[in-house]
Protein chains: 2
Amino acid sequence: MMETGRSLMDAVRERCGRCAGRSVSICNAIDDNDLPVLVAESSRVTVPAGRCFIEEGAPAHDFYVLTGGRARLFSLMPDGRRQIIGFAELGDFLGLASSDSYAFTAEALGDVNLCRFPHSSIDRLVERFPRLRCRLQQEASGELVKMQARLMLLGRKTARERLASFLVEQAVPCCAHGRAVKDEHGPLTLPLPMSRTDIADYLGLTIETVSRTFGLFKKEGLISVKGASSVTLLAPGTLSSIANGIRQG
Amino acid sequence: MMETGRSLMDAVRERCGRCAGRSVSICNAIDDNDLPVLVAESSRVTVPAGRCFIEEGAPAHDFYVLTGGRARLFSLMPDGRRQIIGFAELGDFLGLASSDSYAFTAEALGDVNLCRFPHSSIDRLVERFPRLRCRLQQEASGELVKMQARLMLLGRKTARERLASFLVEQAVPCCAHGRAVKDEHGPLTLPLPMSRTDIADYLGLTIETVSRTFGLFKKEGLISVKGASSVTLLAPGTLSSIANGIRQG
DNA sequence: CGCATTGTTGAACCTGTTCAAGCAGGGTGG
DNA sequence: CCACCCTGCTTGAACAGGTTCAACAATGCG
């Protein structure tokens, strides 16, 4: 049972390390010796690869913290068109938006570990740990900013710009989590646990366009690809320029 | 000075009326006899049509409540491409996302009235009115849900679906605010204070496509247009079906 | 009324899609 | 161990929705 609390704290710590400086106070939202309270309120969930643990439209009873693995969040149109809202990772909060029903489906990319909190317990927790409220707010706030950037991406960016944006976006947390091989402005290798279809549905493109654009980047010496689930950014700076529409090729 | 507090409360009341039931408790976040506190912390701002009152990238000192008029929120790419994030209206909260700098520019559509709160005062207010925190959270939460719908719109919907979505979206608050002429599932007239360019930049299209799609809807008897800034939805149900991808034409 | 601005319409064009075929990798079974 | 197949990825060619460019109409304002 102690495991539950531990893994949540680990997630929070990891997350704090990632956004250096700013989030330090967030760590203090919950003190280590308060962990038993957390443990009492939450339950640990393990979800096998490919399984959905949140379903769009279902009544939103619970709130999750992702403590291991990654998940895709998406919604569907009646004819099957899919838009991926985001990829959740270590430390991410799911089901924040406290509406009556979930606004998206969440599906495990690989095996996923979660801490589940009933919505009812949130109020108790927040009362017990007032700083948690700030944390939740900050989380929502950060999510909003990201969303705004994604509106620009989907509404106005070209395929090249979208894929470049995606790659640099993936690079940031990877660096912080130590998943990527970093080399100070030099090449930077990162895993892509999601399929081409996922990337396409995330970027509002088709798999073919994603594949072709990968091909172009490769030919231009901006990236190199190993086995479709690992990319090396050979020129992160250039990619970043492309992502922001500063440079086009 | 009392005006400031009054207008904010009016905005909050209006807003509550709009989302019947659910938001009643939000009204109670601030009691009428607590208004002087609010007044002390806020300042009233009037912005003439076309003027920016929040600038993307500028340090985010303040937080606003829109108490009159409407505004467009957008961000720009270096080459001038514009994505409209949303249209703010009566009761909307701006600058919620508490990052160091604003993530978007806000520009008055017509003349706009605002209540401005320095970020520093928020903490004081929240301490004084604990329910305000819930309100802020709910606001952010609702914004997130809307954003997710907009990702689907920009990433996967066709031009027809986008414009239909836009029209039904505009219809909802218009009904509640009494700006629209409603007739129970019948025709529904609403003003469009924004230009075609705004609509295009909101929907990730061009003015030409917007114009043409308006033309199609008109020809199909779904809407009728008076002077480009007023539309009547002749078949709201059909438009809603189109918006959700259930029906295509 | 005349000018400027905004919106509409038409035609050529292009980016990204669709459809279709080929390829690579990885696991299975003979 | 290798042929086989299955799935996911890549590549090619035709297509189409939406853009771009350009001309024209409508609106609105001095």
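Order of the sequence lines sets the chain letters (A, B, ...), proteins ahead of strands, with each chain counted from 1.
The CD1-C1' distance, from B:I199 to C:dT8, rounds to 14 Å in whole Å. Rounded to an integer number of Å, the gap from A:L205 CG to C:dC14 P is 20 Å. The distance between atom CG of B:D201 and atom P of D:dT19, rounded to the nearest whole Å, is 11 Å. Atoms CD1 (A:I223) and C1' (D:dC9) sit 14 Å apart, rounded to a whole Å. Protein atom NZ of B:K218 is 9 Å distant from nucleotide atom C1' of C:dT8, rounded to whole Å. One interatomic measurement links the two molecules: CZ of A:R160 to C1' of C:dC14, which rounds to 16 Å at whole-angstrom precision. In this entry the distance linking CD1 of B:I207 with P of C:dT9 reads 13 Å, nearest Å. Protein atom CG of B:D198 is 10 Å distant from nucleotide atom P of C:dT6, rounded to whole Å.
When each of B:D62, B:N113, B:L114 is checked for a side-chain contact (heavy atoms from CB on, under 4.5 Å) with B:V45, only B:L114 meets the rule.
In the set D:dG18, C:dT9, C:dT17, C:dT17 carries the atom at the smallest distance from any side-chain atom of A:T206. Looking at the side chain of B:R196, the nearest of the listed nucleotides C:dG16, D:dC9, C:dG7 is C:dG7. With D:dC9, C:dT8, D:dG12 as the candidates, the nucleotide lying closest to the side chain of A:E208 is D:dG12.
Heavy-atom nearest nucleotides on DNA chain C were determined for A:G227 and for A:R212, and the one closer to the 5' end corresponds to A:R212. Nearer to the 5' terminus of DNA chain D, by closest-nucleotide assignment, is the contact made by A:S211 (compared with the other of A:S211 and A:R156).
Taking the six-membered ring where tryptophan is involved, the planes of A:Y202 and A:F87 are tilted, since the angle between them lies from 30° to 60°. Relative orientation of the B:F117 and B:F63 rings is tilted, given thresholds of 30° and 60° on the angle between their planes.
Taking the charged nitrogens against the carboxylate oxygens, A:R81 and A:D201 have no contact shorter than 4.0 Å, which rules out a salt bridge.
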Take A:F53 and A:Y64 through the test ring-ring contact (aromatic ring centres under 6.0 Å, His included) and record every step on the way to the result. CA-CA 10 Å; A:F53 54 94; A:Y64 296 87; 5.7 Å; yes
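Considering only side-chain N and O atoms, B:T209 lies under 4.0 angstrom from the phosphate OP1 or OP2 of D:dT19.
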